[in-house]
Amino acid sequence: MQSVLTLIINNIPEVAREVTVPPGRFSIGRSGENDLVLNLAGLSRRHALISNVDGAVFISDCGSQNGTFVNGVQVGTSTELRDGDAISLGTVCEIFVNLKPLDEPHEGGRNVPAVSGSNDAGTFPTIPVVALVSVVAIMLAAIATIVVLKVKNGGAAVEPTPDRSQDMVATPTPISTSSSTRPCEGLTIRQIENASQQVIKRISTDPNDYAFPSDQSHLLKIKGTVEQFCGSAVLTRTIQRVKQSQEVIRDLSANQISPDLLTYAALAEDVDGTVDPLAIARQIAPKLIAVWKLFGDDHGDNALILLAAYKVGDVGRGTHPILGRMTRAGITRDTERNVWELYRKQGLTQAEYDFVIRFLACGMIANSPRQYGINLP
């Protein structure tokens with residue numbers, strides 16, 4: 001069920017006191033490209049992102065310098081928001097969450113229950129006369145019966161004999177008709193696309209929604225990988241380890257690549273749970289940074305090519321093996337320069353392509369673990 005989300009902003013001059021967040025994604029930061037612009041020293045250009053989809057509301061930090069906090073706890077990849085939560089952006093801005101179902105009365109951040117039958121003078125609700133007469137008649141009949149029984153038994157009150165005939169019949173145990181549907185069953189391609197777009201926004205500086213090819217085969221591949229990992233105990237432990245190492249991962253990112261890019265890459269490299277993901281992050285961070293210097297992440301396609309390039313090999317003398325593959329496949333800056341076209345033209349091996357798919361699937365699950373059967377915040 002869709003909810004009405006209102007942000008109540010505390011003591012920020014020249015900014016509306018209350019802001020209603022529409023369904024979808026809602027960015028907050030200093031840059032004028034954000035949905036909510038807060039030009040405050042201490043905030044990053046794109047500081048935090050709120051996702052308001054299908055009644056579930058989550059907030060995630062966009063790799064800001066001073067962090068995002070909910071009720072005093074720092075936000076990592078994604079944290080669910082509830083009514084009454086307090087969001088802190090760094091130490092310079094406090095925002096309160098007002099979250100109500102769409103059909104629930106809303107007044108000044110509080111629910112006002114309607115009392116049927118009351119009036120302005122505060123009198124009690126009026127009880128129908130017929131109902132009142134019926135109740136009184138039943139009570140009088142019960143008193144008369146007790147009096148008659150006492151007279152027949154010499155004034156001694158008689159407890160009515162309980163009817164135990166029902167005790168002789170075994171009551172059948174109700175059979176539950178609810179099904180134990182796996183959390184990932186019923187995922188639609190549109191849901192996979194939306195979640196993948198959010199992952200790509202978190203690893204790049206592209207403010208636009210990423211456009212996947214019209215051929216849905218790649219999204220179907222992501223969907224199948226998500227369903228494979230759904231409820232995985234191994235992935236649960238791996239995400240938990242990564243979550244405990246967020247500060248280290250942020251340091252390893254060196255303010256050059258997104259900490260989320262490093263996090264999801266470490267998860268994608270350790271799907272079997274056989275290696276410490278922090279050790280993997282330490283190993284792959286320098287390689288990702290080196291590739292980032294060549295390809296950047298200003299566009300969603302660049303961020304995904306960066307991932308594929310990392311998997312293809314190391315940077316050498318200012319160039320990279322993937323550039324040669326692009327040239328041989330006829331892919332230039334004037335053509336479709338993306339991993340999907342490169343894979344179609346056999347410029348990526350199956351293992352390299354599968355890593356990109358696995359990366360997106362792991363990123364989706366890490367952003368909203370409970371949606372995919374992982375019991376973690």
Side-chain angles (χ1 to χ4, degrees), residues 24-29 31 33-36 43-53 56-68 70 74-81 87 89 191-212 222 226 239 242-243 245-247 249-250 252-269 277 281 284-285 288-289 291-292 295-308 310 339 355-369 371-372 374 376-377:
R25 285 178 292 275
F26 186 88
S27 61
I28 305 173
S31 170
E33 298 173 348
N34 291 287
D35 299 296
L36 175 57
L43 296 192
S44 297
R45 290 178 57 81
R46 192 163 182 260
H47 196 104
L49 182 70
I50 292 177
S51 173
N52 180 13
V53 180
V57 180
F58 293 85
I59 186 170
S60 51
D61 186 79
C62 297
S64 66
Q65 184 174 359
N66 295 319
T68 302
V70 174
Q74 187 165 8
V75 169
T77 53
S78 185
T79 296
E80 187 172 5
L81 290 176
I87 302 170
L89 304 179
Q191 288 173 319
I192 295 294
E193 183 177 23
N194 286 342
S196 298
Q197 287 171 337
Q198 185 169 350
V199 170
I200 294 170
K201 277 193 174 183
R202 293 182 64 83
I203 65 171
S204 70
T205 55
D206 192 342
N208 301 313
D209 288 339
Y210 183 76
F212 281 89
I222 298 170
V226 169
I239 292 176
V242 169
K243 183 175 176 61
S245 307
Q246 286 180 352
E247 291 302 320
I249 288 178
R250 191 181 295 273
L252 291 172
S253 303
N255 287 327
Q256 297 190 65
I257 59 173
S258 161
D260 290 324
L261 186 144
L262 181 55
T263 296
Y264 305 154
L267 292 174
E269 288 282 23
I284 67 179
L288 286 169
I289 291 173
V291 176
W292 173 81
F295 296 96
D297 63 1
D298 59 316
H299 192 273
D301 277 326
N302 285 1
L304 295 182
I305 288 175
L306 183 158
L307 281 171
Y310 149 73
V339 294
F355 175 78
V356 176
I357 295 292
R358 196 162 61 245
F359 175 96
L360 291 171
C362 288
M364 289 171 53
I365 296 172
N367 281 352
S368 303
Q371 183 178 347
Y372 305 103
I374 304 292
L376 290 174

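Source: prediction; values computed, not measured.
What you find for Phe295 and Asn302 is that their closest heavy atoms are O-ND2, 3.4 Å. Across every non-hydrogen atom of Val199 and Gly363, the tightest pair is CG2-C, 3.5 Å. What you find for Ala281 and Leu262 is that their closest heavy atoms are O-CD1, 3.7 Å. Considering every non-hydrogen atom in both Val75 and Ser60, the closest pair reads CG1-CA, 3.9 Å.
Scanning for side-chain contact (heavy atoms from CB on, under 4.5 Å) contacts around Ala254 gives Gln256, Ile289, with sequence neighbours left out. In this structure Ser253 satisfies the side-chain hydrogen bond (donor to acceptor under 3.5 Å, both in side chains) test with no other residue, sequence neighbours excluded. Taking Asp298 as the reference, nothing meets the salt bridge (Lys or Arg N to Asp or Glu O under 4.0 Å) condition, with sequence neighbours excluded. Looking at residues two or more places apart in sequence or on another chain, you find no salt bridge (Lys or Arg N to Asp or Glu O under 4.0 Å) involving Glu33. Annotation: side-chain contact (heavy atoms from CB on, under 4.5 Å) contacts of Ser196 (sequence neighbours excluded): Ile192, Phe212, Ile222, Met364. Looking at residues two or more places apart in sequence or on another chain, you find a salt bridge (Lys or Arg N to Asp or Glu O under 4.0 Å) between Asp260 and Arg202.
In this structure, the side chain of Asp206 engages the main chain of Gly300 through a donor-acceptor pair within 3.5 Å. Asn194 places no side-chain N or O within donor-acceptor distance of the main-chain N or O of Gln191, the cut-off being under 3.5 Å. Here the side chain of His47 pairs a donor or acceptor atom with the backbone of Gly67 at under 3.5 angstrom. Between the Thr79 side chain and the Ile59 main chain, no donor and acceptor come within less than 3.5 Å of each other. No side-chain donor-acceptor contact under 3.5 Å links Asp61 to the backbone of Ala48. Judged by distance alone, the side chain of Arg358 and the main-chain N or O of Ala268 form a donor-acceptor pair under 3.5 Å.
We find the CG-OG distance between Leu306 and Ser258 to be 10.5 Å, quoted to the nearest 0.5 Å. Atom CD of Glu247 is separated from atom CG of Leu252 by 11.5 Å, given to the nearest 0.5 angstrom. Taking OG of Ser27 as the reference point, atom CG of Leu49 lies at 6.5 Å (rounded to 0.5 Å). Expressed to the nearest 0.5 Å, how far CZ of Phe359 lies from CG of Leu304 amounts to 8.0 Å. Distance check: Asn66 CG to Leu89 CG gives 10.0 Å after rounding to the nearest 0.5 Å. We find the OG-CD distance between Ser44 and Gln65 to be 6.0 Å, quoted to the nearest 0.5 Å.
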Check the pair Ile50 / Arg25 against side-chain contact (heavy atoms from CB on, under 4.5 Å), numbers first and verdict last. CA-CA 6 Å; Ile50 292 177; Arg25 285 178 292 275; over 6 Å; no
Tell me, with the steps shown, if Ile28 and Asn34 meet side-chain contact (heavy atoms from CB on, under 4.5 Å). CA-CA 6 Å; Ile28 305 173; Asn34 291 287; 5.7 Å; no
Going through the checks in order, is the side-chain contact (heavy atoms from CB on, under 4.5 Å) test met by Tyr210 and Asp301? CA-CA 8 Å; Tyr210 183 76; Asp301 277 326; 2.4 Å; yes
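With respect to the salt-bridge test (charged N to carboxylate O, under 4.0 angstrom), the residues Asp209 and Lys201 qualify.
Counting heavy atoms from C-beta outward, Ile257 and Asp297 have side chains that stay 4.5 Å or more apart. Side-chain atoms of Leu36 and Phe26, non-hydrogen and from C-beta on, do get closer than 4.5 Å to each other.
Side-chain polar atoms of Tyr372 and Asn367 form no donor-acceptor pair below 3.5 angstrom.
Between Phe355 and Tyr310, the ring-plane angle classifies as tilted under the 30° and 60° cut-offs.
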